[in-house]
Peer 1: 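Below is a structure I'd like to ask you about.
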There are 2 protein chains.
Amino acid sequence: MTAVTVQCCAPIAREPLTEDDAAELAVLLKAVADPVRLRLLSMIGSHAGGEACVCDLTAAFDLTAPTISHHLKVLRTAGLIDSERRGTWVYYWIIPSAVARLGELFTPLAEPASV
Amino acid sequence: MTAVTVQCCAPIAREPLTEDDAAELAVLLKAVADPVRLRLLSMIGSHAGGEACVCDLTAAFDLTAPTISHHLKVLRTAGLIDSERRGTWVYYWIIPSAVARLGELFTPLAEPASV
DNA sequence: TCCATAATTCGAAATCTATCTAAATTATAC
DNA sequence: GTATAATTTAGATAGATTTCGAATTATGGA
């Protein structure tokens, strides 16, 4: 036998969020609620080797370097990505646990009761 | 034996999002990237009976009725909640599949390889 | 039919966000 | 030193967002 668990509801729907928790969560969600940042996140995450050079990222958009830099900083401040300089270039990678935490907010806690 | 699955990565990080997909997703994420709407969503979802009256929701905030109405409309337009008038009052409930879809974006597809 | 209440819609004000240009700054390689 | 990659800063602008008060719609009861 496997799952005794009950498909309840996303953590966000189990009990009302406090005002403070909601404010904090909104900051995290705002970080990903932008088309450019979503693409940056997915480009970084899907890049070979798990990391991407800013030079590649900037080249993929029709935006200036300062603008890309700004978006990367928003993602970084939110704790979703991290970076390191190696020689001339700066590389970014995803922090999987942070992204997973986002997912857990909306995902039912338990597996569906075995069908 | 249970899981042969590999913990890969969130769908968002498997391959780069197209510009169109990113734009569409951003709309959905923007809907939840607001403290008031997050609280509304969690209040509706955690309310006894699975639905909540606008009158209860409005009373819980220090905001006017039109403002709450606006936020409910954003959530509704995003497909996250639905509503029905019953007599004098209007009731809202969560659309679980829509909320779950949000979660799936950031959740690793597979269970962790059995430890 | 008229009135009171619940909720939404409308229109406007204040604020925030994304983006640019341009310039300055930092770090590294040659 | 000089060139390149990237970030930061400042100021500017266009557009989106949050919020309100007033007007509107829908319903139930006197």
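FYI, side chains are in, hydrogens and waters are out, and symmetry mates aren't considered; it's all heavy atoms of this structure. Chain letters run A, B, ... following the sequence lines, proteins first, then strands; residues in each count from 1.
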Peer 1: When you measure from the side chain of B:Thr67 to the backbone N and O of B:Leu63, does any donor-acceptor pair fall under 3.5 Å?
Peer 2: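 A pair under 3.5 Å: no.
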Peer 1: NA contact type, A:Leu63, heavy-atom cut-off 4.0 Å: base, sugar-phosphate, or nothing?
Peer 2: sugar-phosphate
Peer 1: Give me the atom names and distance for the closest heavy-atom approach of B:Pro16 to A:Met43.
Peer 2: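 In this case the closest contact between B:Pro16 and A:Met43 is CB-CG, 4.1 Å.
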Peer 1: Name the closest nucleotide to the A:Pro66 side chain, picking from D:dT8, C:dA6, C:dT19.
Peer 2: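 Nearest to the side chain of A:Pro66 among the choices is D:dT8.
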Peer 1: Rounded to the nearest angstrom, tell me the gap between atom NZ in B:Lys73 and atom C1' in C:dA7.
Peer 2: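 The distance from NZ of B:Lys73 to C1' of C:dA7 comes to 12 Å, rounded to the nearest Å.
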Peer 1: Rounded to the nearest angstrom, tell me the gap between atom CH2 in B:Trp89 and atom C1' in D:dG28.
Peer 2: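 Spelled out: CH2 on B:Trp89 to C1' on D:dG28 is 9 Å.
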Peer 1: C:dT8 P sits how many Å from B:Arg76 CZ, rounded?
Peer 2: 9 Å
Peer 1: Identify, between A:Asp62 and B:Cys55, the residue whose nearest nucleotide on DNA chain C lies closer to the 5' end.
Peer 2: B:Cys55
Peer 1: Would you say B:His71 reaches D:dT19's phosphate, i.e. side-chain N/O to OP1/OP2 under 4.0 Å?
Peer 2: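 Yes, because at least one side-chain N or O of B:His71 sits under 4.0 Å from OP1 or OP2 of D:dT19.
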Peer 1: Starting at CG of B:Leu57 and ending at C1' of C:dA7, how long is that distance when rounded to a whole Å?
Peer 2: 12 Å
Peer 1: Find the distance A:Leu75:CG to D:dT7:P and express it as a whole number of Å.
Peer 2: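 One finds 12 Å between P of D:dT7 and CG of A:Leu75, rounded.
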Peer 1: Look at the side-chain heavy atoms of Ile, Leu, Val, Met, Phe, Trp and Tyr, link any pair under 4.5 Å apart, and say whether B:Leu57 and B:Val74 land in one connected group.
Peer 2: no
Peer 1: Name the closest nucleotide to the A:Ala65 side chain, picking from D:dT19, D:dT7, C:dA7.
Peer 2: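 Comparing D:dT19, D:dT7, C:dA7 against the side chain of A:Ala65, the answer is D:dT7.
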Peer 1: Give the rounded distance in Å between these two atoms: CD1 of B:Ile68 and C1' of C:dT9.
Peer 2: 16 Å
Peer 1: Step by step, would you call A:Lys30 with B:Leu29 a side-chain contact (heavy atoms from CB on, under 4.5 Å)?
Peer 2: CA-CA 8 Å; A:Lys30 270 185 210 293; B:Leu29 286 167; over 6 Å; no
Peer 1: Donor-acceptor pair, A:Arg37 side chain versus A:His71 backbone, under 3.5 Å?
Peer 2: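 No, the answer is negative, given that no donor and acceptor are paired below the 3.5 Å cut-off.
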Peer 1: Using a heavy-atom cut-off of under 4.0 Å over every strand shown, decide if B:Asp56 touches base, sugar-phosphate, or nothing.
Peer 2: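 Touches nothing.
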Peer 1: What string of B, S and - do you get for nucleotides 24-30 of chain C, 5' to 3', if B is base contact, S is sugar-phosphate-only contact and - is no contact with any protein heavy atom under 4.0 Å?
Peer 2: ---BSS-
Peer 1: Please give me every residue in residues 25-51 of chain A whose heavy atoms get under 4.0 Å of an atom in DNA chain C, ordered by residue number.
Peer 2: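 When residues 25-51 of chain A is checked for heavy atoms under 4.0 Å from DNA chain C, the hits, listed by number, are A:Asp34, A:Val36, A:Arg37.
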Peer 1: Checking the side chain of A:Ser42 only, and the main-chain atoms of B:Ala13 only, is there a donor and an acceptor separated by less than 3.5 Å?
Peer 2: no
Peer 1: Between C:dA6 atom P and B:Leu72 atom CG, what is the distance in whole Å?
Peer 2: 16 Å
Peer 1: Has B:Thr64 got a side-chain N or O lying under 4.0 Å from the OP1 or OP2 atom of D:dC20?
Peer 2: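 It does, given that an N or O in the side chain of B:Thr64 lies less than 4.0 Å from OP1 or OP2 of D:dC20.
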Peer 1: By nearest nucleotide on DNA chain C, pick out whichever of B:Thr58 and A:Thr67 is the more 5' one.
Peer 2: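 Its nucleotide being nearer the 5' end, the pick is B:Thr58.
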Peer 1: Using a 3.5 Å distance criterion without hydrogens, assess whether the side chain of B:Thr58 forms a donor-acceptor pair with backbone atoms of B:Cys55.
Peer 2: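 Absent.
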Peer 1: What nucleic acid atoms does B:Tyr92 come within less than 4.0 Å of, heavy atoms only: base, sugar-phosphate, or nothing?
Peer 2: sugar-phosphate
Peer 1: Which pair of heavy atoms, one from B:Leu105 and one from B:Ala10, lies closest together, and at what distance?
Peer 2: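 Shortest heavy-atom separation between B:Leu105 and B:Ala10 comes out as O-CB, 3.3 Å.
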Peer 1: Under the criterion side-chain contact (heavy atoms from CB on, under 4.5 Å), I'd like the reasoning laid out for A:Glu84 against A:Val90: C-alpha separation, chi angles, the key distance, then a yes or no.
Peer 2: CA-CA 6 Å; A:Glu84 185 183 57; A:Val90 175; over 6 Å; no
Peer 1: The side chain of B:Ser69 lies closest to which of these nucleotides: C:dA7, D:dA5, D:dT7?
Peer 2: C:dA7
Peer 1: Using atom NE2 of A:His70 as one end and atom C1' of D:dA6 as the other, report the distance to the nearest whole Å.
Peer 2: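 From A:His70 NE2 to D:dA6 C1': 16 Å.
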Peer 1: Whether A:Arg85 engages the ring of A:Tyr91 as a cation-pi pair (distance to the six-membered ring centre under 6.0 angstrom, angle to the ring normal within 45°) should be assessed.
Peer 2: no
